[in-house]
Every structure is written in C-alpha cells, then in structure tokens.
Amino acid sequence: MSISTRNIDARWIYLAVMISIILPILFPIGLPISISEGARDVYNAVEAVPEGGYVIFFPSFNYGGKGEMFSMAQAFIKHCLSQNLKLVIISFAEPMMSLIGEEAFLSVGIENYGAVYGEDIVHLGLLAGGEVTEAGFAADVHALVQVDYYGTPISELPIMDNLRSANDIDLVIILTNGGDSPAQELRQFKTGFGVAVTGGAVGGVYGSIVPYIDSGQLSGYLPSLRGTAEYELLLGKPGTAILGMDAQSLMHIVVLIFIILGNLGVGTTISKTGQQYHREVTE
Amino acid sequence: MSFFKQQVPFYILVFTAIVMIVAFFIDIPGLGGVATELSRIGVPVTAFALLLGGISLFRRHVVVVSKQERNWEFSVVLLLSFAWYFGVNVIPGMEVIARESFSRVVGKLNEGMFAIVVPFMASMAYRAFKIKDANSAFFTISAVIVLIGNAPIGDSLSPLLPMARDWLLNIPNTGAMRAVNIGIAFGIFAYGLRVMLGYERLALGEIMEKLKGGSQ
C-alpha cells in the first residue's frame, strides 16, 4: 500500500473541509476578531448620513452569494434603520435580487427599530435594464418608478415624496457578488452626482474592487464574511457572520495543511507485513 | 423593407449614443430630459429581451423533447418548471406562491450549488499551489498569506499576517487590477466607437458594407 501526500483523494479533502466548517459552528471557539480600517470606513460612511437622509440599497447578489452576503445585508439594514435613515431597496439586474432584498428587510424586523414601511423603508423591486436604467433613476426617480414591489403607487408612499433624483441621495450601498458592480454605481452616482458609495462584496471579487477603495471613490468596502463580522462588532449587533468566523479560521487552517502536504513531495510505503518502511522521494 | 430593417436601427443607435454621451458630459437644457426618456425606454426593451430569451429557450427545448434528443428528460423538467413559474407569476393572486416556490426551490438549489464550490476550491488549492519555481513560489506564498491573514486565526498567530495581506491587496493587486480595468475601459470605448461607426461585423457592420457599396 502506497500513501503519497502529493496524491490525496479529493474526497478526504472534502470530508476534512466539511468537518472543519461544521464543528466550530456546533462548538464555537471564540477567536478574537480585529477590526480593520476598511470596516471602520464603511461604518463611518453610514454614520455620516444625517438623520432622515436617503440611502439607496442595492442587494446585487443572487442566491449563490447569499451565504456570504445575506448577513451583510441585514447588518446594513439594521444600521440604517437604527440611524433613522430613509432606506430605499431596489435592483437593476435580476429578479432574484428583489426577492433577497425583501427577505433581508423582513428578517431584520423593521418594527424593532420603530420603522414603518412606506415612511422609513421602501422596496421598489426590479427595474430591468442595468446601467441604462440606473442612469435614468439617478436623473429622475419618479420618471422611472411608478409603483413599489407590492404594486403600491409611489404617490401613496411618503418616503418617495422627497426622493426625486440622485441629488437627494446621501449614500449608495451596493452589495455585489460579481458583474460590473460597484463600477457602474460609481459611474452613475459618484461621478455624476458626487454621492458617496459603499457596500461589500464576496471574497472572490473583492480583490478587483480594491483599486476603487484605494483611489477614494468608494467610502470603504466590506470583504465577504470577515468584513461583515467586523461590521457587526462595530454595530454591537452580533449576527451570523461572527458565528462563521471560527469555521472560516479552522477551514483555512485545514486548506493550509493540505497545501503543505501537497508540497512535501515525500511518499511513504508500507509493506504488506507492516514491518518495513522506506521513503521514496517522488517527483 | 430593407430601409427599416437595416438603416433605421443604425440611425437609432447613433442618435441614442450621441444623446447619452453628450448629456453625460455637457449640461444642455432639455437634452437631459431626452436622455432620461431614452433610459426609460431601456426598461421595456430589456423586458422584451428577457421575454425573447424565454421564448427562444422554450422553443429549443420543445424541439429537444419532440425529437427525443440527448438528455431530453432534463428538457421535460425545464419545460414543466418554465410553465409553473410562468403560470404562478402571471395568474393574479398567486404572488405569494410564486415568491415562496422560487425562493424555496430555485433559491435553495442555487445556494446548495455554490456551497459545493467550497470543498472543491480546497481540493483545487491542494493541487494548484505547488512550488516548482520562483513564480509558483511567489504565487503560493501570496495565497497562503491572504488565506490565513483573512481569517481571525491570522490575527491570533501574528499581527504581521494581516499587514502582509493588506500590502498584497493594496500594492501589487491594486496595480495589476488598475492596469486590467484601464485596458478593459479602453477596449469598451474602442468597441463602442466601432459599433457607432458601423465597422463591427454585426447587422450594423453589414449595413455599412452595403451603404458603402459592398466595400469592407
């Protein structure tokens, strides 16, 4: 029987990863989480919005990114409502983002923050058309939006009375798991109207967004679950992101161990009798 | 007929592009309203594009089922799903059923599918991060630093790990991504210019060939 660390069956890796994720969730370790400057920038961007200011919230992620981004969406909604901001949820990309947006604000329980639907928060649903529609929305909101997600005319929603264009918007929060976001929001809201833009992204695309943070176009951006955990700590409202940090730590250690094993290049052969060992240096 | 099928779309494209570009950069009274109106038109146009895509998908899979081509059973599932979600979204009073059936079926399947990616990526990391030369060594070490630096365990192991991760993301990564983004931006600009001038080999490109008397 020959065991080589350079040729481990993938199923063992899958099993190890699954155990490393499940165990810390069942038995939390409680590793300390430091708060980065990026998370503070995002927190401060929301804190800087004056009471009653308008925040446009784009949950631009599908169900595939929900595991990483849903807790981030909840944290942003909690923060905006606790600051008495006017929160407008909208999607320009695909219908499932509207569903996720609805799930997010319903799961938060807006009544816990003294918020009333139609006065403090509204869900405008999907406006198909991508960046073209975003441009139109930024220029004239009421020209593009006639009803909210539930079919209520916006004339019956007090929150929409003073939202006419991007000039009335104080902050744009964009959560993305790929695509052209947040670049298109920067083009339409930041460049065109000087509106501050912040938000978060899944880990896989965060690296491509760092240039926008570095240039100051984005007022901070949260990277995936780690960023959400830091944000939850700043808010003082722990959520599922903090719960996932121990699992992330253990899983990353497991992956590191497998990377080391893959580079060892040493095979160990055990004879049938189990008595003799010799080492082979494999290629 | 050829005038409306070929030249009119081209002139609409050029007019729309010029209006949108000029309105973005120059504040001309009245032009902003025209640009906004054109943006509004984009909403039903996109909706029709989605409808056309759905119809095309439906027709294709009906053919697959009728001719019992390879994997036709999956096409049956697709057509039944298509009929269900179309029906519950069109029939009045079925909004709750539509939302619940979508989020509980399609949503959960989507989540499950992306959850599978995690152990697969771990397996790929095991196979891909092999140190064979200087380039692969830099690649692997960078990946390990970001991997551990991102997790809270990295903070506990050493304060240098998050610092190293930040340096990698803010310096080499930012430089490379800026180059990529600028290249993409120039490419999009050049392509847009070619489409507006009719030099791309689309229906518009064919129009220009005919307008020029068949020359390339």
Side-chain angles (χ1 to χ4, degrees), chain A residues 6 8 10 13-18 21 31-34 36 62-67 95-96 99-100 102-103 127-130 132-133 135-137 139-140 143-144 183 192 203 206-211 214 223-224 226 229 245-246 248-256 258-259 261-263, chain B residues 20 23-24 32-33 35-40 42-47 49-50 95 99 102-103 106-111 113-115 117-123 125-127 129-131 140 143-144 146-148 150-156 159 162 166 169-170 173-175 177-178 180-181:
Chain A
R6 290 181 68 97
I8 299 174
I13 302 175
Y14 300 158
L15 182 64
V17 166
M18 281 171 54
I21 292 172
L31 288 168
I33 302 170
S34 63
S36 64
N62 53 26
Y63 280 101
K66 190 180 173 188
M96 69 170 76
L99 285 168
I100 291 174
E102 184 191 27
E103 277 181 49
L127 287 181
V132 172
T133 315
F137 181 86
D140 189 343
L144 245 68
Y206 179 75
S208 63
I209 295 171
V210 172
D214 197 60
S224 188
R226 170 65 193 262
M245 283 296 99
D246 288 340
Q248 186 184 62
S249 292
L250 192 57
M251 196 207 75
H252 282 202
I253 293 293
V254 166
V255 173
L256 176 64
F258 278 112
I259 292 174
L261 287 176
N263 280 283
Chain B
M20 298 300 286
F24 185 82
T36 302
E37 201 57 35
L38 289 171
S39 300
R40 281 189 63 191
V43 177
V45 168
T46 306
L50 290 172
E95 292 85 6
R99 282 206 289 270
F102 189 87
S103 63
V106 178
K108 295 306 174 190
L109 286 172
N110 228 289
E111 288 180 59
M113 197 174 71
F114 277 87
V117 171
V118 173
F120 177 72
M121 285 179 66
S123 169
Y126 162 73
R127 293 181 200 292
F129 294 144
K130 299 280 170 66
I131 298 176
T140 301
V144 167
V146 175
L147 188 70
I148 301 302
N150 258 340
I153 190 76
D155 301 340
S156 301
D166 288 341
L169 283 175
N170 292 333
N173 171 71
T174 298
M177 287 309 305
R178 278 186 178 149
V180 168
N181 289 340

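Note that these values count all heavy atoms, side chains included, but never hydrogens, waters or copies made by symmetry. Letters A, B, ... are given to chains in the order of the sequence lines, protein chains preceding strands, and every chain is numbered from 1.
When all heavy atoms of A:Met96 and B:Phe102 are compared, the closest pair comes out as CB-CE2, 3.7 Å. B:Asn110 and A:Tyr63 get closest at one heavy-atom pair: CB-CB, 3.5 Å. Shown here for A:Val255 and B:Ala125, the closest heavy-atom pair between the two residues is CG1-CB, 4.0 Å. When every heavy atom of B:Pro152 is checked against every heavy atom of A:Gln248, the shortest pair comes out as CD-OE1, 3.9 Å.
Using a 4.5 Å cut-off between heavy atoms, B:Phe24 contacts chain A through its side chain alone, with no backbone atom that close. Heavy atoms of B:Asn181 lying under 4.5 Å from chain A belong exclusively to its side chain. When heavy atoms are compared at a cutoff of 4.5 Å, A:Ile21 approaches chain B solely by way of its side chain, counted from C-beta outward. Looking at A:Tyr206, only its side chain comes within 4.5 Å of chain B, counting heavy atoms on both sides.
The choice from B:Gly42, B:Ala143, B:Ala122, B:Gly107 that makes the most heavy-atom pairs within less than 4.5 Å of chain A is B:Gly107. For the set A:Gly207, A:Ala229, A:Ala135, the count of heavy-atom pairs under 4.5 angstrom toward chain B peaks at A:Gly207. Counting heavy-atom pairs closer than 4.5 Å to chain B, the top-ranked of the candidates A:Ala10, A:Ser224, A:Gly64, A:Gly129 is A:Gly64. Contact count against chain B (heavy-atom pairs under 4.5 Å) is highest for A:Ala143 among A:Gly136, A:Ala143, A:Gly192. Chosen from A:Ile33, A:Ile259, A:Leu256, A:Val17, the residue pairing most often with chain B at heavy-atom distances under 4.5 Å is A:Ile259. The choice from B:Met177, B:Arg99, B:Met113 that makes the most heavy-atom pairs within less than 4.5 Å of chain A is B:Arg99.
Between the CE atom of B:Met121 and the CD1 atom of A:Ile13 there is a distance of 13.5 Å, given to the nearest 0.5 Å. Atoms NZ and OG, on A:Lys66 and B:Ser103 in that order, are 7.0 Å from each other to the nearest 0.5 Å. Here the CD1-CD1 distance, from B:Ile148 to A:Ile253, works out to 4.0 Å after rounding to the nearest 0.5 Å. Note that the CG atom of B:Asn150 and the CE atom of A:Met245 stand 9.0 Å from one another [nearest 0.5 Å]. The OG1 atom of A:Thr133 lies 11.5 Å from the CZ atom of B:Arg40; values are rounded to the nearest 0.5 Å.
There is no side-chain donor-acceptor pair under 3.5 Å between B:Thr36 and A:Asp140.
In the displayed structure, A:Met18 atom CE is contacted under 6.0 Å by at most 12 heavy atoms of other residues, nucleotides or ligands.
Checked by atom type and distance alone, the side chain of A:His252 pairs as donor or acceptor with a backbone atom of B:Leu147 at under 3.5 Å. Side-chain N or O atoms of B:Asn170 include none that pairs as donor or acceptor with a backbone N or O of A:Val210 at under 3.5 Å.
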